[in-house]
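In what follows, a single structure is set out as structure tokens and then discussed.
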Amino acid sequence: MPSSDYDPASLPDLLPLYYRRLFPFSQYYRWLNYGGVQKNYFQNREFSFTLKDDIYVRYQSFTTQNELEKEMQKMNPYKIDIGAIYSHRPNQHNTVKSGTFQALEKELVFDIDMTDYDDVRSCCSAADICCKCWTLMTIAIRILDRALREDFGFQHLLWVYSGRRGVHCWVCDEAARKLSVAARSAVAEYLSLIKGGEETVKKVVLTDPIHPFIRESLAVVERYFPRYALQEQDILGRKESVDKVLSLVPEDILFTVKELQQDFQNEKKPESRWKLVRDQATKKQATAKKGQYFEKEIMLQYCYPRLDVNVSKGVNHLLKSPFSVHPKTGRISVPINLKELDVFDPFAVPTISLICEELDRPRAGEDEEKSEESKDKENEKDAAERRKIRDYKRTTLAKYVKYFDQFLDAMARSWKGELLRKSDLQKEF
Amino acid sequence: MQFMSRQKKLLPNSHTELYGQCLQFYGQPPLENIALSEFETFAVERLKLLKTVENLGVSYVKLSEQYTKKLDQESKNLNFPYRSGPSEIEKRRKDHISHFILRLAYCQTEDLRRWFIQQEVDLFRYRFSYLSSKQKLEFLHKNNLQYDAISVEEKKALQDKLVNSSYAVSGITVEDQDFYKVPFQDALDLVRTRKVYLKAGYVYIPHQDIVTIILNDFRTRLSKALALTARSLPAVHSDERLQPLLNHLSHAYVGQDYSIQKNVGKISLEQIDSLSGKSFPLCMRQLHQALRENHHLRHGGRMQYGLFLKGIGLSLEQALQFWRSEFIRGKVDADKFDKAYAYSIRHMFGKEGKRTDYTPYSCMKVILSNPPSQGDHHGCPFRHSDPELLKQKLQFYKVSPSGISQILELVKGMHYQLACQKYFELTHNVSDITFSLNHPNQYFVESQKVLGGGKDIKREMDTPQRSQENSDNLTLDLIRGTGELELCEYKCIFPKAKGNIG
């Protein structure tokens, strides 16, 4: 596969090419400017760059798209993070009276990291991922996307592949951007079901009544559970794994655990074993005693999304930018089209080396156009612009930028309304 | 800062008007004249009340029977209002004035503000629980919280969802009560704990649960008011009569925060391993062990443990050496450490960024904020560990079986700090300790005392930093002379509340 040709050492050569010819600056600016509805929104936004040799610079800000382009092309950052919109231009924060420089707004963000699932996946650990455990991301996206839209009423969600082992969500609605720290933390906690660290065995406990949010989330998990957990992860296969699952069955029904262990001697098929577990749970639910939802708790512990509340809480928290490169894998942080979520393959995401390579490949029909334009010197500048616009379209990056465009179009409709409203207000005295 | 011209003294019988309601939002500051001695007493007594609120909140479930009984008792003892009745007017006046005085003392830093707001909200919640539903509804209206009730049809359609969203809501509740549609930003506590039905950004709240909305509102207003008060503080500080009292108030009763480093450099890095077994509280012992085993700690653990080490006297250089040598044994190379982690350690010591000198976490902070998740080792083991795992850990640390069951009993009753105290007693072989544990660094100091560790350390610890026990005995003759304080002079400090709140 071409992407396996990526070598981190080649970044210094590839980045200039990426930032000069591939990075979708106009879409990027279109996004962060938010239709120009609020004054200085783009100008007061903090960016941070990680440069070569891990040099980290914060409080970068830019007045125009052009300035952003020039600076990025000059510095060729290895990583780009997006921060908050501040009360003043971040690059002037030292001149502002102490205490008055404040983070005001930012998108509501979520970060799902595969490392947080290490205790429940057997195929990989730490920074590794594979197509088997990737399903966890699919489940996470489905559950969170539904909740953010249907429960919280948000509409403009951008899901992005982080480039290595997880996904990010940017909630770009105006209401979301204006949320306080307390509100962000409340949203994150509403969405959290997994509680406890190394020291906790049972991380999900359900009590009566089961909240509609949990029911909806369970419905999603149940769709994926048989293939993901029973087959691919084989959680009811090896003894070690079985023991781990059974450790989640409440202690006060030790008898149940013994029964199950015995039954498992005769029943080796994972699906049938799971059915036995479910049947035991149903029996317990009839008694309506504590701990009766253990089969649901097991499914949730193995599949439910794990988010880092601290990432979502802070208004000033910096998060990796979409279309940034991941220095270790070379992959571009591309937006994920939810309509194609079930077939999304993180290993098919283009790397910077791939798309730079694709740039160089001549395409049929373009050579003629090229020679025609080069004849016309007056149009040289236009031609360069046009070529630039066409450049990413020649690469695998194209479809991701197109999807990003669609996302922006949907938001633009709301900006239009806002601008009209504001201009109306101005006319009144 | 301009002071308002002298205002007429308010006549005593207008108190009946002012203090007609049993509960108030502290929207309007007091305007009368008050004797300095009264000023002092009111403030100190409210502080004792708030401290009780804090302690009860950690030891008992809020609004449980024991909680309310104890708080009733304390309110009675300190002469604060806790029920509606005619004799309450004087108490309400005291309540009103003391609240505003404490605003002055507690507006100055983020930590003080957070503490004050938390206790005032809890106190308010407790008092609110005594109101009738009619009185509760009056509050909503007085507050301009005019939320829409949903139609009967909509209620019927959502019935199942509403019933399943809250333990307290049954089919009958849905039939009998009005349900209000409230934007989720106004009901964060209910959203956070998922105790309510949420759809398209609105929560659906039965009449009986309106209290959470009010609490949220109270919290927000108080927070804004404190921020404004802080900006106008120089005026108050210029009054020599008040400044010492206010300083004393904000330090004495919140307890030592171990922010001022004592014994810097008295601890050597080689001692840490043995100290961790002898004098560290369980939470820090756990973190130290995890660090030694994994040669790494995540952010939450680095903060909790790093600040603790600072509190016991590690210098910045020592801290850097300590973390560096451990991380290098793991997957981090020296270069990466210097670039990434060294910054955050210097940050902890106030040498970077905002240059805030972060204070070591108190037990309250460890127990209540930032719970650990997968891969974390921070938090309070008595609060955050599975009882089974906690038991194993205590066995591993050679605590006797009877001791372990005592500890587990306390954990079951949610008395986490008492459980830690019991752990202290068992590991130090002492039977009745005299201090009330509320800070990991306090544990360390007391442990070193018991083990007789070093005369110098002991002497330095006894210097005038006020501890909790001493504060009660400290005489408050900081204010020289008698005299009256015209509170109306300070009206300019208190921000004008929007709309008239009772």
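We name chains A, B, ... by the order of the sequence lines, and we start the count at 1 in each one. Note that the coordinates shown come from a computational prediction; the quantities given were computed from them, not determined experimentally.
- Across all non-hydrogen atoms, the minimal contact from A/Val201 to B/Asp386 is N-OD2, 3.3 Å.
- Rounded to the nearest 0.5 Å, atoms CG (A/Asp308) and OG (B/Ser373) are 6.5 Å apart.
- Contact of B/Lys336 with chain A is not made at all, since no heavy-atom distance falls under 4.5 Å.
- At most 12 heavy atoms of other shown residues, nucleotides or ligands fall within 6.0 angstrom of atom NZ in B/Lys195.
- At most 12 non-hydrogen atoms from other residues, nucleotides or ligands lie less than 6.0 angstrom from NZ of B/Lys161.
- For B/Val169, no part sits under 4.5 Å from any heavy atom of chain A, backbone or side chain.
- Looking at A/Glu189 and B/Arg194, no side-chain N of the basic residue comes within less than 4.0 Å of a carboxylate O on the acidic one, giving no salt bridge.
- Heavy-atom contacts from other residues, nucleotides or ligands closer than 6.0 Å to NZ of A/Lys52 number 12 or fewer.
- If you measure heavy-atom distances from B/Arg298 to chain A, the contacts under 4.5 Å come from the side chain alone.
- Residues A/Thr200 and B/His384 fail the side-chain proximity criterion, which asks for heavy atoms closer than 4.5 Å.
- A donor-acceptor contact shorter than 3.5 Å is absent between the side chain of A/His211 and the backbone of B/Ser166.
- Within the 4.5 angstrom heavy-atom criterion, only backbone atoms of B/Val163 (N, CA, C, O) approach chain A.
- With a 4.5 Å cut-off on side-chain heavy atoms, A/Tyr190 and B/Leu198 count as touching.
- Annotation: B/Lys391, atom NZ; neighbour count of heavy atoms from other residues, nucleotides and ligands within 6.0 Å does not exceed 12.
- Heavy atoms of A/Lys202 lying under 4.5 Å from chain B belong exclusively to its backbone.
- Here A/Asp118 contributes atom CG and B/Gln374 contributes atom CD; the two are 7.0 Å apart, rounded to the nearest 0.5 Å.
- Between the side chain of B/Lys339 and the backbone N or O of A/Asp53 there is at least one donor-acceptor pair closer than 3.5 Å.
- With a 4.5 Å cut-off on non-hydrogen atoms, B/Asn164 touches chain A through its backbone and its side chain both.
- For the options B/Val196, B/Val203, B/Asp160, B/Asp335, heavy-atom pairs under 4.5 Å to chain A are most numerous at B/Val196.
- Closest of all the heavy-atom pairs between A/Pro212 and B/Tyr197 is CG-CD1, 3.9 Å.
- Using a 4.5 Å cut-off between heavy atoms, A/Phe154 touches chain B through its side chain atoms alone.
- When heavy atoms are compared at a cutoff of 4.5 Å, A/Leu179 approaches chain B solely by way of its side chain, counted from C-beta outward.
- At least one side-chain heavy atom of B/Val191 sits less than 4.5 Å from a side-chain heavy atom of A/Phe152.
- Around atom OH of B/Tyr343, more than 12 heavy atoms belonging to other residues, nucleotides or ligands sit under 6.0 Å away.
- In this structure, chain A has no heavy atom under 4.5 Å from any part of B/Gln392.
- In this structure, B/Tyr202 places its OH atom where only 12 or fewer heavy-atom neighbours from other residues, nucleotides or ligands lie under 6.0 Å away.
- The local environment of NZ in A/Lys244 is crowded, with over 12 non-hydrogen atoms from other residues, nucleotides or ligands closer than 6.0 Å.
- When only modelled atom types and interatomic distance are considered, B/Arg192 and A/Ser185 share a side-chain donor-acceptor pair under 3.5 Å.
- Within a 6.0 Å sphere centred on CZ of B/Arg231, heavy atoms belonging to other residues, nucleotides or ligands number 12 at most.
- In this structure, chain A has a heavy atom under 4.5 Å from the side chain of B/Phe184, while its backbone stays farther away.
- Of the two parts of A/Ile214, only the side chain, counted from C-beta on, holds a non-hydrogen atom closer than 4.5 Å to a non-hydrogen atom of chain B.
- Looking at heavy atoms from C-beta onward, B/Asn370 lies in side-chain contact with A/Asn310 at the 4.5 angstrom threshold.
- Closest of all the heavy-atom pairs between B/Gln185 and A/Ala175 is NE2-CB, 4.5 Å.
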